[in-house]
Amino acid sequence: SSPDSDGCTPELEKAGLLNKTKIAEGGRKLRKNWSPSWVVLVGNSLVFFKDPKSQTPSSWKPGNSRPESSVDLRGAQLNWAKDLSSKKNVFKLRTVTGNEFLLQSEIDSMIREWYNTIKNVIDRLDRE
Ligand code: I3S
């Protein structure tokens, strides 16, 4: 079993680099602005960090790994979004608060894994 088998610290489920854009905030549409983001799925949250490749050497200091934002997956909706972008492999994540994100990868297997993993967390939370 894991070192945290008491379940007090959420397990890190997945991490990787995806292209991301926020397209709505509280239901209000935003202008797209795609950029690479280091995405971490931990517990009930999807946490977004700055693309590690775009960081300066000094920003690698441990204290500087502050998330840019994070998304509560409870009650969230996940859908493939072919019609919302000219890019391939795009899905849309909508939070209960009406924030909407598009996430994308050029690598088919990677986006499918992310979709399935996030979907599993949302479904698990729906059953609680
Ligand atoms: O859905 P849209 O409006 O066609 O999205 C494109 C634009 O946001 C574009 O920026 P401008 O605001 O300068 O037009 C972006 O560069 C494109 O990446 C957006 O479309 P895709 O199809 O890449 O999601």
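Starting from 1, each residue takes its place in the sequence as its number. Just so you know, these numbers use all the heavy atoms, side chains as well, and skip hydrogens, waters and symmetry mates. Each ligand, and each atom within it, is numbered from 1 in the order the structure gives.
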Using a strict 4.0 Å cut-off to heavy atoms of Trp34, name the atoms of ligand 1 that fall inside it. 18 (O), 21 (P), 23 (O), 24 (O)
Return the orientation label for the Trp80 and Phe91 ring planes: parallel under 30°, perpendicular over 60°, tilted otherwise. perpendicular
Sub-4.5 Å side-chain heavy-atom contact between Asn116 and Lys119: no
Indicate whether atom 4 (O) of ligand 1 is within a distance of less than 4.0 angstrom of some protein heavy atom. no
Count the heavy atoms belonging to other residues, nucleotides or ligands that lie under 6.0 Å from NZ of Lys82, then report whether that count exceeds 12. no
Identity and separation of the nearest protein heavy atom to atom 13 (O) of ligand 1: Arg31 NH2, 3.3 Å
Classify the side-chain pair Asp108/Asn89 by whether it contains a donor and acceptor separated by less than 3.5 Å. yes
If you define the side chain from C-beta out and look only at heavy atoms, does anything of Lys14 sit under 4.5 Å from Glu113? yes
Atoms in ligand 1 with a heavy atom of Ser86 nearer than 4.0 Å: 21 (P), 22 (O), 23 (O)
For atom 24 (O) of ligand 1, which of Gln104, Lys87, Lys32 has the closest heavy atom? Lys32
Are Leu41 and Trp38 linked, directly or through intermediate hydrophobic residues, by side-chain heavy-atom contacts shorter than 4.5 Å (ILVMFWY only)? no
Do any non-hydrogen protein atoms sit less than 4.0 Å from atom 7 (C) of ligand 1? no
Just to confirm my output: which protein heavy-atom neighbour is closest to atom 21 (P) of ligand 1, and how far is it? Ser85 OG, 3.4 Å
Below 4.0 angstrom, counting only protein heavy atoms, does anything approach atom 18 (O) of ligand 1? yes
